[in-house]
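Each remark here refers to the structure printed beneath this line.
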Amino acid sequence: MFSWIPARKKSGPPRRLPLLASMAAVSALALTACGGGASGTSNPDGGPVQIRVIESNKQDPTELGAEAGNFMEIWPECSPEVKVDLTAGEKVAEALAAKSADIGITSPNRVIGAVSQGLKGKIIGASMPVWDQYVVVRKDSKATSFADLKGSTFAISSFGSAGDYATQKIAREEGWGPNDFKTVTMGSLDGIMAGLKSGTADAFLWSAQAAFGLEIEGSAKVLGSVKDLVGPNAMTVVFATDEIIEKHPAAVKSFAECYYKATEAMMDDSALATKMLVEDWGMSPELAARIIEHEIPLSSRDGELTPEQLQGLLEATQFTIKSAKSLTIDDVKGMYKHWKSL
């Protein structure tokens with residue numbers, strides 16, 4: 001019986017396994033919904049097809065499915081003819097281009113920009129199908145809305161970054177002119193926080209995990225999410241090379257099917273999500289509760305992208321990558337092939 005209970009680690013104290021009852025229904029759903037996903041998958045030597053997957057950030061809730069699949073040990077039951085090898089590293093597009101990975105989970109602008117420069121592959125689905133960033137201000141800030149930040153200095157990691165893009169979207173939405181706000185580059189999150197504490201910056205935009213973590217430790221205050229302000233978009237996507245799609249389309253389809261089933265399980269079972277975030281990822285219970293309430297529910301259940309989201313991907317990519325300025329919406333549509341159609 002497939003119960004989706006993670007195996008005990010080889011070292012350290014045994015894990016408690018209190019979730020049998022709550023996971024039974026999810027397990028039954030997975031067996032029904034994705035048990036036949038690998039039909040037609042084959043490998044010339046008769047063994048499972050190895051899918052080498054790289055995610056841009058380890059233990060990132062916006063790239064949930066692969067690590068959730070490993071935690072629940074979903075692959076042997078959901079997709080027995082596929083072997084998933086998961087690694088993490090910032091240079092996802094480079095790994096795909098070097099043929100050291102078959103599937104990448106990362107921000108769409110990275111792979112769209114890489115495809116425009118010669119990388120062969122397709123976005124096969126969204127992982128986090130909204131712009132999942134939050135406005136963070138000093139802990140003593142009197143601001144209660146984005147409008148209150150008029151005249152502020154926003155810290156960004158670099159010009160053309162995701163935070164820079166979202167900052168410009170706030171300014172556009174609020175009707176600010178070029179003299180109504182400033183941006184200053186401060187590199188890493190540590191540099192940005194130093195700027196916030198010194199008063200050099202008043203606000204910045206970052207992912208939920210870091211934003212809520214800073215608020216919980218008392219270093220800053222979260223003002224709100226920009227997902228609705230930015231509009232249709234996606235923060236992270238699943239990208240497969242043309243080579244793996246052409247050689248093993250059924251294996252890629254099976255991987256994606258199980259990826260989204262693992263994501264869906266985390267979305268629907270807060271106890272299971274808590275177990276992974278706290279016991280496996282080492283997240284504090286308070287931060288895990290915030291992530292489960294505010295971020296994990298935004299994940300995609302099937303990865304499908306709308307035409308409006310593809311338009312948003314184009315705009316964000318053109319803003320963040322100079323070489324992508326000539327891309328058209330037709331170019332981006334040509335880079336997308338939903339996994340269900342493989």
Side-chain angles (χ1 to χ4, degrees), residues 56-64 107 128 130-230 233 235-236 270 273-274 277-278 281-299 320:
S56 58
N57 296 294
K58 186 178 181 181
Q59 298 180 345
D60 184 344
T62 73
E63 304 173 13
L64 190 61
S107 59
M128 176 58 67
V130 299
W131 196 268
D132 187 50
Q133 282 192 312
Y134 287 76
V135 176
V136 182
V137 296
R138 291 198 302 270
K139 61 182 179 180
D140 60 350
S141 174
K142 303 300 182 184
T144 59
S145 69
F146 297 161
D148 294 337
L149 296 176
K150 184 176 182 179
S152 295
T153 297
F154 288 80
I156 58 175
S157 59
S158 62
F159 288 113
S161 66
D164 187 15
Y165 171 71
T167 299
Q168 300 297 331
K169 292 286 283 189
I170 291 174
R172 184 187 307 175
E173 181 70 17
E174 295 295 335
W176 298 343
N179 297 321
D180 292 329
F181 73 106
K182 292 190 296 184
T183 58
V184 56
T185 58
M186 292 187 168
S188 67
L189 182 60
D190 286 342
I192 288 174
M193 282 305 300
L196 206 68
K197 291 174 181 178
S198 70
T200 304
D202 304 300
F204 69 97
L205 285 98
W206 213 265
S207 64
Q209 190 170 347
F212 289 133
L214 292 168
E215 185 170 65
I216 289 170
E217 71 180 29
S219 300
K221 182 172 71 174
V222 176
L223 198 57
S225 169
V226 296
K227 64 181 179 64
D228 294 330
L229 184 148
V230 170
N233 216 302
M235 201 70 188
T236 53
S270 61
T274 299
L277 296 181
V278 175
W281 291 17
M283 196 178 288
S284 73
E286 186 177 0
L287 179 55
R290 294 271 195 105
I291 296 300
I292 290 167
E293 179 183 359
H294 297 287
E295 186 167 40
I296 287 180
L298 302 177
S299 302
T320 56

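Heads up: numbering here begins at 1 and tracks the sequence. FYI, side chains are in, hydrogens and waters are out, and symmetry mates aren't considered; it's all heavy atoms of this structure.
- Annotation for Leu223 and Ala143: closest pair CD1-O, 3.3 Å, computed over non-hydrogen atoms.
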> Please walk me through it: do Glu217 and Ser219 pass side-chain hydrogen bond (donor to acceptor under 3.5 Å, both in side chains)?
Replying inline: CA-CA 6 Å; Glu217 71 180 29; Ser219 300; 2.6 Å; yes
> How far apart are the C-alpha atoms of Thr200 and Thr153, what are their side-chain angles, what is the distance that settles it, and do they pass the side-chain contact (heavy atoms from CB on, under 4.5 Å) test?
Replying inline: CA-CA 8 Å; Thr200 304; Thr153 297; 5.8 Å; no
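- Note that OG1 of Thr167 and CG of Leu205 are 4.5 Å apart. Values are rounded to the nearest 0.5 Å.
- Between the side chain of Glu63 and the backbone N or O of Thr236 there is no donor-acceptor pair closer than 3.5 Å.
- Considering all non-hydrogen atoms of both residues, Pro285 and Val278 come closest at CA-CG2, 4.0 Å.
- Asp164 CG to Phe159 CZ: the interatomic distance, rounded to the nearest 0.5 Å, is 6.5 Å.
- The minimum heavy-atom distance between Tyr134 and Ala211, with the atom names listed, is CB-CB, 4.0 Å.
- Of the options Val226, Leu298, Asp228, Leu229, a side chain to side chain contact (heavy atoms under 4.5 Å, CB included) to Trp131 is made by Val226 and by none of the others.
- Between Asp202 and Arg138 there is a salt bridge, with a side-chain nitrogen of the basic residue lying less than 4.0 Å from a carboxylate oxygen of the acidic one.
- Taking the side chain as every heavy atom from C-beta outward, Tyr165 and Asn233 approach each other to under 4.5 Å.
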Side-chain atoms of residues 170-197: list all donor-acceptor pairs with protein atoms under 3.5 Å, sequence neighbours left out, distances to 0.1 Å.
| residue | atom | partner | partner atom | Å |
| --- | --- | --- | --- | --- |
| Asp180 | OD2 | Gly177 | N | 2.6 |
| Ser188 | OG | Asp190 | N | 3.4 |
| Ser188 | OG | Gly191 | N | 3.3 |

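- Screening residues 203-216 for side-chain hydrogen bond (donor to acceptor under 3.5 Å, both in side chains), with sequence neighbours left out, gives Glu215-Arg290.
- Residue pairs meeting the salt bridge (Lys or Arg N to Asp or Glu O under 4.0 Å) criterion with at least one member in residues 144-160, sequence neighbours excluded, do not occur.
- Residues Met128 and Val130 are in side-chain contact: their nearest non-hydrogen atoms beyond the backbone lie under 4.5 Å apart.
- Looking at every heavy atom in both residues, Val136 comes nearest to Ala220 through CG1-CB, 3.4 Å.
- Across all non-hydrogen atoms, the minimal contact from Ile156 to Ser161 is CB-OG, 4.2 Å.
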> Under the side-chain contact (heavy atoms from CB on, under 4.5 Å) criterion, do Gln133 and Met235 qualify, and how do the steps go?
Replying inline: CA-CA 9 Å; Gln133 282 192 312; Met235 201 70 188; 3.6 Å; yes
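- Contact of the Phe154 side chain with the Leu149 side chain is registered, since non-hydrogen atoms from C-beta on lie closer than 4.5 Å.
- Considering CD1 of Ile291 and CG of Asp60, their distance stands at 9.0 Å, rounded to 0.5 Å.
- Pairing each heavy atom of Ala155 with each of Phe204, the nearest pair is O-CB, 3.3 Å.
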